[in-house]
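Input: a single structure, listed below in structure tokens.
In what follows, chains are A, B, ... by sequence order, proteins preceding strands, each numbered from 1. The structure displayed is predicted, hence computed values, not measured ones.
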There are 2 protein chains.
Amino acid sequence: MKTRDKILLSSLELFNERGERNVTTNHIAAHLAISPGNLYYHFRNKSDIIYEIFLEYEKLVDFYLDIPENRPMTLDDLTFYLESVFDGLWSYRFFHRDLEYLLDSDQRLREDYRQFTERCLAAIRRIFEKLAEADIIHPQPEDLRSAMSLNVWLVITNWMAYLKTAHGCEGEGELTLTHLKQGIYQVLTMEIPYLTPDYRERVMALREKYRPDIPDANGRVALAANDGR
Amino acid sequence: MKTRDKILLSSLELFNERGERNVTTNHIAAHLAISPGNLYYHFRNKSDIIYEIFLEYEKLVDFYLDIPENRPMTLDDLTFYLESVFDGLWSYRFFHRDLEYLLDSDQRLREDYRQFTERCLAAIRRIFEKLAEADIIHPQPEDLRSAMSLNVWLVITNWMAYLKTAHGCEGEGELTLTHLKQGIYQVLTMEIPYLTPDYRERVMALREKYRPDIPDANGRVALAANDGR
DNA sequence: CTATTATTAGAGTATATACTCTAGTGAGTC
DNA sequence: GACTCACTAGAGTATATACTCTAATAATAG
């Protein structure tokens, strides 16, 4: 594997593990057992590394959120979108943690990320639209759909921060992809009132599969056996 | 004013303006025209300053979210809670920006914040409960109420980050308290399906007052005259 | 007035961080 | 064999950062 790619890979790994703020270019070089000079031969600076990683993240999510227009949407589609978005969030989880700082330090990234957000929101809106077309949810006025979509986005992008900050349990409470995906439960919660009678049961069952098994804010632990995952 | 208090005040101001990561203890001292030594006479380290600021934040929000149990809840109460929470968020806006890093660097803060979150969530749940008691919203099963409350919390705490990251417009697009409070529109969006017929119109009108006047993700600008604020 | 304590200035320090510079090495090309 | 060129090592640098130390000054109590 090319040194350049190794740098990107190691950086992502270290960023995800320790947080971008705690990972220096020297750390990255040391982790790869290459010299700092070598690293700076391949990248002008740390921002450049982060930017390239963002481009990968962007490509991944754009790929997942490509909504096929030639057929109606199914519940499996919805599941796929939700799972995929959380997969992406997990793989590049360092990114949202220091988002504001990162955007402040790199204008390119700021503008790209803005457009990325817009595309994601448009995709979510389109998903709602197609869910209505498929009679899975009741149709909504455009205003409401936009506001709902934004709420979905806010919940998705903040779910991980909630898990990491609200559940202290330092040593044991390691965050996993499974925990992260329990955010799907939260997203589906918002759709409940809009479900059509035909699909209500099925969506509720789907939602149940993602019910958090960590103590909720009441200190209660859900008993649901999270089978099949 | 005591030097100690001046340090806290200046720190908060600088943190909010530039972000905690971009503000050093030397900056704070320079801003107050005192020596670094003086600053370190009053505080053991930067974390201590942040911790004390958090305690103020906590006290403020706890004060706002004290739910009176001796009378039914009104719509004015709800408005007050929403406005207050966003006021608090605004006054200590640096805090949520670097939350994960801050909690990682200070165990006390981590534990205190965890409990703070729990109290906030409990308050939100209680508000939903009392809204149902007052026949403003339909009653919900406890499960749903908990999940809804968590979503409200996620939307509230992520709204500012959304504004700061999704709306690039560097120079002009200065973030203001008014913009921030448009998050109330998003929060009320989640309650729409649960409103009782009696209150539906009134809550929708309230919500309309907070309709964002910034371009939404479609590039459209809401026309609503945001009167009276 | 004296002794003590609280407060402050300001120079200084150890370490870290992002990044640079020079001197190569080794694989291919003519 | 001379030359090129992508790639790499590793020492080095300027700056920043969190924090310390000493000495001095103001405030206060007896």
Using whole Å, report how far CD1 of A/Ile7 lies from P of D/dC7.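 Those two atoms, CD1 and P, are 11 Å apart.
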
Interatomic distance, B/Leu39 CG vs D/dC21 C1' [rounded to whole Å]: 16 Å

Do A/Arg207 and A/Tyr185 meet the cation-pi criteria used here (NZ or CZ under 6.0 Å from the six-membered ring centre, within 45° of the axis)?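 Positive - A/Arg207 is close enough to the ring of A/Tyr185 and near enough to its axis.
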
Base-contact (B) and sugar-phosphate-only (S) positions in nucleotides 5-18 of chain C, heavy-atom cut-off under 4.0 Å, - elsewhere: -SBBBB------SB

Does a donor on one side chain sit under 3.5 Å from an acceptor on the other, for [X] and [Y]?
| X | Y | answer |
| --- | --- | --- |
| B/Asn38 | B/Thr3 | no |
| A/Thr25 | A/Tyr40 | yes |
| B/Glu111 | B/Gln107 | no |
| A/Thr189 | B/Asn151 | no |

Going by the rule ring-ring contact (aromatic ring centres under 6.0 Å, His included), which residues pair with B/Phe128 if we only count those two or more places apart in sequence or in a different chain? none

Presence of salt bridge, B/Arg114 and B/Glu118, under 4.0 angstrom: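 Yes.
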
Are B/Asp104 and A/Arg97 within salt-bridge range, i.e. N to O under 4.0 Å? yes

DNA chain D contacts among residues 94-102 of chain A, heavy-atom distance under 4.0 Å: none

Just the atom pairs and distances: protein N or O near nucleotides 22-28 of chain D's N or O, under 3.5 Å.
none

Cut-off 3.5 Å, no hydrogens considered: what does the side-chain donor-acceptor table look like for residues 50-57 of chain A, sequence neighbours left out?
residue, atom, partner, partner atom, Å
A/Tyr51, OH, A/Asp112, OD2, 2.6
A/Glu52, OE1, A/Arg4, NH2, 2.8
A/Glu52, OE2, A/Arg4, NH2, 3.2
A/Glu56, OE1, A/Tyr92, OH, 3.3
A/Tyr57, OH, A/His96, NE2, 3.2

Partners passing side-chain hydrogen bond (donor to acceptor under 3.5 Å, both in side chains) against A/Lys46 (at least two apart in sequence or in another chain):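 With neighbours one apart ignored, the set is A/Glu20.
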
